[in-house]
Amino acid sequence: MAVCTCLARADDGDTAQSAIFLLKDATQPQRDGRHSRAMRALRQLRDPELHPFFVHLMAGKDNILRIHAFLGAAESDPKKGLDLARLASVKDEQLQAEMLSAALDSELLTLEQARQAVNWPGLDITVRLLVAIQLTHAGEFKDIALLQEAGKSDNLARQALAGLTLVQLGQAQGKTILDRVDASKDLRRDEARELALQTMLRFDFDKAAGWAMKISIEPDVSSRLNLLGLRGALRFGAPGAVDAWRQSYESTNDLAQRTRLAFLALNIAQHLPASFFDPLNASNDASLRQIGRAGAAIAGKQDVAPAVIELIKSGHPVATAWALAFVTKQAAPADARAIELAIIQQYPGPARNQAQRFDDAVTATQLLFEQSPQEAQAMLRPIVAADQPDEMYRQAVLLGLIRSKGQPHLVIQGLLPYTNASTNGLALLLLAKNGQTLTPAQMAELATVVRGGGSIPESLRLQAAWIWLKRNKMTPQALEALTALR
């Protein structure tokens, strides 16, 4: 017994060293972006004990790490949220804007904090402009002077965003600014206009539809910009937009261009009449007809899931990416569940595009569980409980569950141990991450994962490392070692 105890202690020492090494390595910038994936994994834990670690990293020199640290500090302390004072202390104006943009993308800026941030001392005009856009979307912004100031900037992207927001607020000066941007000879003009069009679509700024229409037919710009302008014009009902789309579609026989136009319409199908998709449904090309059927179903709000699933099964590389976006914000709950399960079930199949199908199955699993946890348990249980499974198929579902909020561990309750080491390592991490009690044998297996056994992704091994340290009450020593780094 004494020998076994000594061996266990030796293993604990090795595991602790491995865990701290993984955490230290996560703070070292890497050309392949590994440190960014590592930071994202630590942020997903949302652990208050990691808060001082993230605060420490914000004082570093690597901008990617500083952005992740800014977000991680907010996520690990949700009561306080974003630290606006710390954001204001960042002297690099571009980094300030990138931090705030990342916070908006992660939906970390609350409406109350946005109200504070728009006039917070020390925040760059670009940051305040981004906050103003969110407040305008919420119907809570009236500071025209701020937008006028941004519209006078030498920065063309700032001008474009200010002009767009002024137009949305009914200010004639906004159109003047957008016209000035359109006439600019600056090499980054179209980059600025693309950003403004994307912002228009993201925040439902419907008052600039005419400006988008003008860009959609502008000669001597990229097809990408023309199409983005056409999408904005169609989305918000600019006069002539429907005819412009039909003319563009009918004037080309190039299948790739017709497909781009088809997906453009599909992205906004809920805002179009079902008859809009008649040209696609009359096509000689099967893939265009499938897009047309999906678009008409969404527009008519009938048989949506079967039409979308048929499109997914076509194997078109853009179709699944579109479907994942559709179920995130637009689909009715029952349709979303059916579509997400279909995406997950697409994973087993030919080797071609298998890696992408794996990633899609992971994303669809997370969406399915977070949107409909009870239904997800019934849908996913057969996959993780199969006697003779495709192990990668089961691992895709486990990865999606590991990313999920709620109680995703219930899907695998009573199924461990798995015979495959990687599958079992993922399952143990799922249990441990969700606060479940592990037996001594399972803790030993989790330690093996931390030391590199089980071949699970490095970012998840990092999560296992932190959880193992926490369960063995070693996080104070780990944090001391991490915050001592310069």
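Side-chain atoms are counted along with the backbone in the values below, which use heavy atoms only and exclude waters and symmetry mates.
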Q: Answer yes when Glu112 and Arg115 have at least one side-chain N-carboxylate O distance shorter than 4.0 Å, and no when they do not.
A: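 A salt bridge links Glu112 with Arg115.
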Q: Please find the pair of heavy atoms, one from Ala26 and one from Met39, that lie closest to each other, and give the distance.
A: O-CE, 3.6 Å
Q: Can you confirm whether Leu129 sits close enough to Leu146 that some side-chain heavy atom of one is under 4.5 Å from a side-chain heavy atom of the other?
A: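 They are not in side-chain contact.
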Q: What is the distance from atom CZ of Arg193 to atom CD of Gln198, rounded to the nearest 0.5 Å?
A: 13.5 Å
Q: With no hydrogens and no angle check, just 3.5 Å: does a side-chain donor-acceptor pair link Asp254 and Thr252?
A: no
Q: Keeping the roles fixed (side chain from Arg357, backbone from Pro350), state whether a donor-acceptor pair exists under 3.5 Å.
A: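 Checking the backbone N and O of Pro350 against the side chain of Arg357, a donor-acceptor pair under 3.5 Å is found.
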Q: Can you see which heavy atom on Ala212 is nearest to which on Gly232, and at what distance?
A: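 Of all heavy-atom pairs spanning Ala212 and Gly232, the closest is CB-C, 4.1 Å.
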Q: First locate atom CG of Asp359, then atom CG of Asn353, and finally report the distance between them rounded to the nearest 0.5 Å.
A: 11.5 Å
Q: Short question: side chain of Asp83, backbone of Ala74 - any donor-acceptor pair under 3.5 Å?
A: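 Side chain of Asp83 to backbone of Ala74: no pair is present.
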Q: Once you round to the nearest 0.5 Å, how far does CE of Met379 lie from CD1 of Ile344?
A: 9.0 Å
Q: Check whether any side-chain heavy atom of Glu149 sits under 4.5 Å from a side-chain heavy atom of Asp143, and report yes or no.
A: no
Q: Is there a side-chain contact (heavy atoms from CB on, under 4.5 Å) between Arg46 and Lys405? Walk through the geometry before answering.
A: CA-CA 10 Å; Arg46 296 177 177 267; Lys405 299 174 186 175; 3.8 Å; yes
Q: Within the distance-only criterion (no hydrogens, no angle test), does the side chain of Gln113 pair as donor or acceptor with the backbone N or O of Leu82 below 3.5 angstrom?
A: yes
Q: Taking the side chain as everything from C-beta on, heavy atoms only, tell me whether Leu87 gets closer than 4.5 Å to Gln96.
A: yes
Q: Take Arg289 and Leu280 through the test side-chain contact (heavy atoms from CB on, under 4.5 Å) and record every step on the way to the result.
A: CA-CA 5 Å; Arg289 290 198 302 274; Leu280 298 178; over 6 Å; no
Q: Please check this pair: side chain of Ser101 against backbone of Glu98, looking for a donor-acceptor N/O pair closer than 3.5 Å.
A: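 It does not hold such a pair.
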Q: Please name the pair of heavy atoms, one in Ala41 and one in Ser459, separated by the smallest distance, quoted to 0.1 Å.
A: CB-O, 3.4 Å
Q: To check you understand the geometry: which heavy-atom pair defines the closest contact between Ala296 and Phe277, and what is its length?
A: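 Distance-wise, the nearest heavy atoms are N-CD1, 3.7 Å.
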Q: Are Ile67 and Leu95 close enough, and set up right, to give a side-chain contact (heavy atoms from CB on, under 4.5 Å), and what steps lead you there?
A: CA-CA 8 Å; Ile67 292 170; Leu95 179 58; 3.8 Å; yes
Q: Is any side-chain N of the basic residue among Arg37 and Glu458 closer than 4.0 Å to the acidic one's carboxylate O?
A: no
Q: Would you find a donor on one side and an acceptor on the other, under 3.5 Å apart, between the side chain of Arg403 and the backbone of Thr365?
A: no
Q: Determine, stepwise, if the pair Arg231 / Leu234 fulfils side-chain contact (heavy atoms from CB on, under 4.5 Å).
A: CA-CA 5 Å; Arg231 180 176 170 182; Leu234 267 178; 5.9 Å; no
Q: Taking the six-membered ring for Trp, are His316 and Phe263 parallel (under 30°), tilted (30 to 60°) or perpendicular (over 60°)?
A: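 Rings of His316 and Phe263: tilted, as their planes differ by 30° to 60°.
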Q: Taking the side chain as every heavy atom from C-beta outward, state whether Leu482 and Leu57 have any pair of such atoms under 4.5 Å apart.
A: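 No, their side chains stay 4.5 Å or more apart.
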Q: Donor-acceptor check, side chain of Glu93 to backbone of Asp124, threshold 3.5 angstrom: yes or no?
A: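 No.
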Q: For the residue pair Tyr249 and Trp245, does the interplanar ring angle fall in the parallel (under 30°), tilted (30 to 60°) or perpendicular (over 60°) class?
A: parallel
Q: If the threshold is 4.0 Å, N to carboxylate O, is there a salt bridge linking Asp278 and Arg246?
A: no
Q: Identify which one of Asp182, Val181, Val167 satisfies the side chain to side chain contact (heavy atoms under 4.5 Å, CB included) criterion when paired with Trp211.
A: Asp182
Q: Can you check whether Leu311 reaches Leu266 side chain to side chain, under 4.5 Å on heavy atoms?
A: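 Yes, side chains in contact.
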Q: Which pair of non-hydrogen atoms, one from Ser76 and one from Ala73, has the smallest distance, and what is that distance?
A: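 Scanning both residues, the minimum pair turns out to be OG-O, 3.3 Å.
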Q: Taking all non-hydrogen atoms of both residues, which atom of Leu123 and which atom of Arg128 are closest, and how far apart?
A: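 For Leu123 versus Arg128, the nearest heavy atoms are O-CD, 3.5 Å.
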Q: State the OG1-NZ distance between Thr165 and Lys207, to the nearest 0.5 angstrom.
A: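 Result: 12.5 Å between the selected atoms.
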Q: Side-chain contact test, heavy atoms from C-beta onward, threshold under 4.5 Å: evaluate it for Gln30 versus Asp25 and give yes or no.
A: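 Yes, their side chains come closer than 4.5 Å.
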Q: Does CD belonging to Gln116 count more than 12 external heavy atoms closer than 6.0 Å?
A: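 Result for CD/Gln116: enclosed.
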Q: Considering residues, nucleotides and ligands other than Asp32, do more than 12 of their heavy atoms fall under 6.0 Å from its CG?
A: yes
Q: At what distance, to the nearest 0.5 angstrom, does CD of Glu194 lie from OG1 of Thr199?
A: 10.5 Å
Q: If we ignore angles and hydrogens, is there a donor and acceptor under 3.5 Å between the side chains of Gln168 and Thr136?
A: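 No, no side-chain donor-acceptor pair sits under 3.5 Å.
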Q: Given side chains that start at C-beta, do those of Ile309 and Gln345 come closer than 4.5 Å, heavy atoms only?
A: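 In short, these two side chains do not touch, never coming nearer than 4.5 Å.
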Q: Can you tell me if Asp285 and Ser283 form a side-chain donor-acceptor pair at under 3.5 Å?
A: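 No pair is found: no donor N or O on one side chain lies under 3.5 Å from an acceptor on the other.
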Q: Would a 4.5 Å heavy-atom cut-off, applied to side chains only, mark Leu147 and Phe141 as touching?
A: yes
Q: Can we say Arg188 and Asp186 salt-bridge, meaning some charged N sits less than 4.0 Å from an Asp/Glu carboxylate O?
A: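 No salt bridge links Arg188 with Asp186.
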Q: Using 0.5 Å steps for rounding, measure from the NZ atom of Lys175 to the CG atom of Leu166.
A: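 Going from NZ on Lys175 over to CG on Leu166, the span is 13.5 Å.
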Q: Would Gln290 and Arg293 count as a side-chain hydrogen bond (donor to acceptor under 3.5 Å, both in side chains) if you check the C-alpha gap in whole Å, the side-chain angles of each, and the deciding distance to 0.1 Å?
A: CA-CA 5 Å; Gln290 288 169 328; Arg293 284 193 288 271; 5.7 Å; no
Q: Is a salt bridge present between Asp335 and Lys301, judged by a nitrogen-to-oxygen distance below 4.0 Å?
A: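 Not counted as a salt bridge, because no side-chain N and carboxylate O are separated by less than 4.0 Å.
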Q: Counting distance only, does the side-chain N/O of Glu140 pair as donor-acceptor with the main-chain N or O of Leu111 below 3.5 Å?
A: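 A pair under 3.5 Å: no.
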Q: Under a 3.5 Å distance rule, please check whether Gln366 uses its side chain to pair with a backbone N or O of Gly400 as donor and acceptor.
A: no
